[in-house]
Every structure is written in C-alpha cells, then in structure tokens.
Amino acid sequence: MTSTTTATVTRAEYCVIACAEAWRDNGEVLASPMGTVPAIGARLAKRTFSPDLLLTDGEATLVGLDGTPEGWLPYRQHLAMVTGGRRHVMMGASQIDRFGNQNISCIGDWQQPSRQLLGVRGAPVNTLNNPTSYWVPKHSTRVFVDKVDMVSGVGYDSAAAAGPSATRYHRIPRVVTNLGVLDFDTPDHSMRLAARHPGVTAAQVQEATDFALDIPEDVPYTREPTSGELRLIREVIDPEGLRDREVRA
C-alpha cells in the first residue's frame with residue numbers, strides 16, 4: 001500500500017486513524033467504541049493491523065467485518081470481559097482533567113448541578129478494570145478543565161489515592177480529539193500532547209485546554225493514512241461520509 005498526500009486527507013480521517021491506533025497490538029479483546037469516528041477506527045484497525053479485535057453490533061452480538069453475526073454476547077458475559085480486562089473501550093467525555101478524570105454525570109455542584117448528564121454509568125468499572133481511551137470531537141476549555149465537577153471515569157491521581165486495588169489494571173492509553181492526540185506518558189501521569197493533526201499547532205491545542213499541557217519540544221503530526229486505509233474508510237467502512245458530520249473540515 002502506498003502513502004497518501006496530506007492534501008487528500010480530511011481532519012475526520014486523521015481522527016479515524018488516531019482512534020484506530022488505540023487498538024494497535026491489543027490482541028483478542030473486545031473493542032467498544034462510543035461515537036461514529038471511534039467506531040470507524042475500530043473497524044479499520046480490525047481490517048488492517050489488529051485482525052484479532054472483537055467487534056459487536058453495539059448491543060448483544062459479536063459480528064464479523066461485514067456485520068454478519070458470529071456469536072452471542074449476553075450482558076453477563078460482557079461484564080465478565082470488562083472485569084477481566086479483555087476489553088478496550090473508547091468513551092466520550094463531557095469533562096476531562098489533566099490526570100484523566102472524566103465526567104459524564106453532571107455539570108456544577110453535586111448538590112445542585114446546572115446540568116444533568118448521562119450519569120456515572122459504567123465509567124468506574126471501565127477505568128479500573130480495562131484500558132479506557134477517550135474521544136472528544138470538539139476540543140475546548142469547556143471539556144478540558146482543570147478539575148472535573150464529578151469523577152465518573154477514574155483518572156491517574158484518583159486511582160493512586162485509592163491504592164493498589166485501583167491502580168492494578170488502570171490505564172488510559174490515549175485521548176483523541178479533533179485537534180490531536182493526548183496521553184499520560186509523563187512522570188506524574190499528567191496529560192501530554194502526543195501528536196497534533198496536520199494544520200494544527202501546539203499553541204492551538206493549549207489554547208483550547210484549561211490547564212497547562214505537557215508539550216514536548218517537537219510534537220509530531222498524526223500519522224498519514226495509507227492509500228489502502230483511505231480506500232477502506234471511504235469506500236468500505238464509511239461510504240456515506242458520516243465521519244464528516246462528527247468532525248467537520
């Protein structure tokens with residue numbers, strides 16, 4: 001497969017590539033993408049460099065590349081995979097802070113929040129038992145906050161405060177946004193700018209973040225998709241272009 005030129009790739013397609021890379025070398029685990037771009041990324045990963053990934057129809061059936069049912073995944077079995085660490089979920093975040101604490105529950109004080117959101121849901125179990133990445137389609141200071149209003153998904157500092165039982169399987173591989181890729185590969189597990197999408201500067205990412213990011217001297221760009229990957233994205237996985245509705249050019 002040959003490489004493409006930057007001019008032919010949309011911002012949404014760079015986001016797909018960045019999400020797909022979250023599942024590289026994961027082996028036979030259940031990919032649980034939440035969002036259009038992560039779902040495309042998971043399917044791209046399975047079709048290319050992570051063929052052992054398990055995909056679902058979003059409900060209770062394991063499916064093949066063409067969506068054909070391959071097995072039943074009842075709720076109890078799904079929970080067993082979560083608690084056993086055989087799952088890598090990519091969740092959304094209404095708020096996320098410098099140590100990866102995520103909030104999808106409420107905005108404002110718990111006693112009288114200004115906005116009620118989804119609720120904690122399965123975020124604590126996800127973050128303490130299996131790798132949990134995040135997808136944020138619009139990187140802004142409203143999402144990337146100094147401190148979340150409520151901890152739904154457990155961050156590195158919260159896990160450390162809870163002790164070994166919380167840190168044993170806790171891992172946040174990456175946070176993908178419409179501006180770039182962030183991780184926690186720093187001495188104190190604070191958020192780092194790992195890559196920026198072409199056309200984005202490190203300064204723009206910092207400006208859209210309400211806390212000081214760890215920014216290396218030379219931040220690389222998100223890798224280019226190959227021509228084969230672009231064909232899969234555009235012609236096979238997402239021919240209707242749903243990715244561009246989630247991340248506009």
Side-chain angles (χ1 to χ4, degrees), residues 15-35 37-56 58 62 73 75 77-104 120-137 143-144 148 151-177 180-195 214 222-223:
C15 292
V16 168
I17 291 296
C19 288
E21 286 290 340
W23 287 285
R24 183 181 286 275
D25 299 326
N26 275 201
E28 192 177 19
V29 302
L30 180 64
S32 294
M34 300 181 185
V37 166
I40 298 169
R43 281 156 176 74
L44 178 66
K46 182 172 177 63
R47 286 181 177 272
T48 53
F49 49 76
S50 292
D52 293 331
L53 274 183
L54 301 176
L55 303 176
T56 74
L62 291 171
L73 188 66
Y75 193 62
Q77 186 177 338
H78 197 149
L79 287 177
M81 296 185 76
V82 173
T83 56
R86 304 298 297 170
R87 180 179 183 241
H88 183 170
V89 60
M90 182 170 282
M91 300 178 67
S94 300
Q95 291 180 329
I96 189 167
D97 66 24
R98 70 177 70 233
F99 294 108
N101 295 289
Q102 169 244 35
N103 175 25
I104 52 172
V120 173
R121 311 282 288 194
V125 175
N126 289 339
T127 49
L128 293 184
N129 289 281
N130 54 241
T132 302
S133 293
Y134 293 104
W135 161 242
V136 178
V143 179
F144 287 80
V148 296
V151 175
S152 301
V154 179
Y156 280 98
D157 59 338
S158 298
S165 63
T167 59
R168 185 177 182 184
Y169 300 114
H170 178 267
R171 186 164 70 90
I172 307 174
R174 61 175 48 196
V175 179
V176 181
T177 81
V181 181
L182 305 111
D183 63 19
F184 301 88
D185 191 15
T186 57
D188 63 350
H189 291 301
S190 59
M191 193 178 290
R192 178 186 77 138
L193 178 58
D214 185 294
T222 305
R223 78 164 176 87

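Because only heavy atoms are used, hydrogens play no part in the values below, and waters and symmetry mates are left out as well, while side chains stay in.
Listed for the Thr132 side chain is a donor-acceptor partner under 3.5 Å among the backbone atoms of Asn130. Here the side chain of Thr127 pairs no donor or acceptor atom with the backbone of Gly153 at under 3.5 angstrom.
Ring-plane geometry between Trp23 and His88 is classed as tilted, the angle between the planes lying from 30 to 60 degrees on a 0 to 90 degree scale.
Residues that satisfy the side chain to side chain contact (heavy atoms under 4.5 Å, CB included) test with Ile96, not counting sequence neighbours, are Ala93, Tyr134, Val143, Phe144, Val175, Met191. Annotation: salt bridge (charged side-chain N to carboxylate O under 4.0 Å, His left out) contacts of Asp214 (sequence neighbours excluded): none. When the salt bridge (charged side-chain N to carboxylate O under 4.0 Å, His left out) test is applied to Arg223, the partners found at least two apart in sequence or on another chain are Glu21, Glu229. With sequence neighbours left out, the salt bridge (charged side-chain N to carboxylate O under 4.0 Å, His left out) criterion links Arg171 to no other residue. Shown here are the side chain to side chain contact (heavy atoms under 4.5 Å, CB included) partners of Asp52, two or more places apart in sequence or in another chain: Glu28. For Arg47, the side-chain hydrogen bond (donor to acceptor under 3.5 Å, both in side chains) criterion is met by no residue, not counting sequence neighbours.
Minimum heavy-atom separation, Ile172 to Phe99: CD1-O, 4.4 Å. Across all their heavy atoms, Ala20 and Leu44 have their closest contact at CB-CD2, 4.2 Å. In this structure, Val37 and Cys19 approach most closely via the heavy-atom pair CG1-SG, 4.0 Å. For the pair Gly155 and Asn101, the tightest heavy-atom approach, listed with the atom from each and the gap, is N-OD1, 2.8 Å. Between Ser152 and Ile104, the shortest heavy-atom distance links the atoms OG-N, 3.2 Å. Contact between Arg98 and Phe184 at its shortest, heavy atoms only, is O-CE2, 3.5 Å.
Comment: Asp183 does not engage Arg174 in a salt bridge, judged by the lack of any side-chain N to carboxylate O separation of less than 4.0 angstrom.
The shortest distance between side-chain heavy atoms of Leu53 and Val29 falls below 4.5 Å. Looking only at side-chain heavy atoms (C-beta outward), Trp135 and Cys15 come within less than 4.5 Å of each other. Ser50 has its side chain out of reach of Asn26: every pair of non-hydrogen atoms, C-beta onward, lies at least 4.5 Å apart.
Between the CG atom of Leu128 and the OG atom of Ser165 there is a distance of 8.0 Å, given to the nearest 0.5 Å.
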- Task: Please lay out, stage by stage, how Met34 and Val89 fare under the test side chain to side chain contact (heavy atoms under 4.5 Å, CB included).
- Result: CA-CA 8 Å; Met34 300 181 185; Val89 60; 3.6 Å; yes

- Query: Are Arg87 and Asn129 close enough, and set up right, to give a side chain to side chain donor-acceptor pair (under 3.5 Å), and what steps lead you there?
  - Reply: CA-CA 9 Å; Arg87 180 179 183 241; Asn129 289 281; over 6 Å; no

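For the side-chain contact (heavy atoms from CB on, under 4.5 Å) with Met90, the qualifying choice from Ser32, Pro131, Ser133 is Ser133, the only one to do so.
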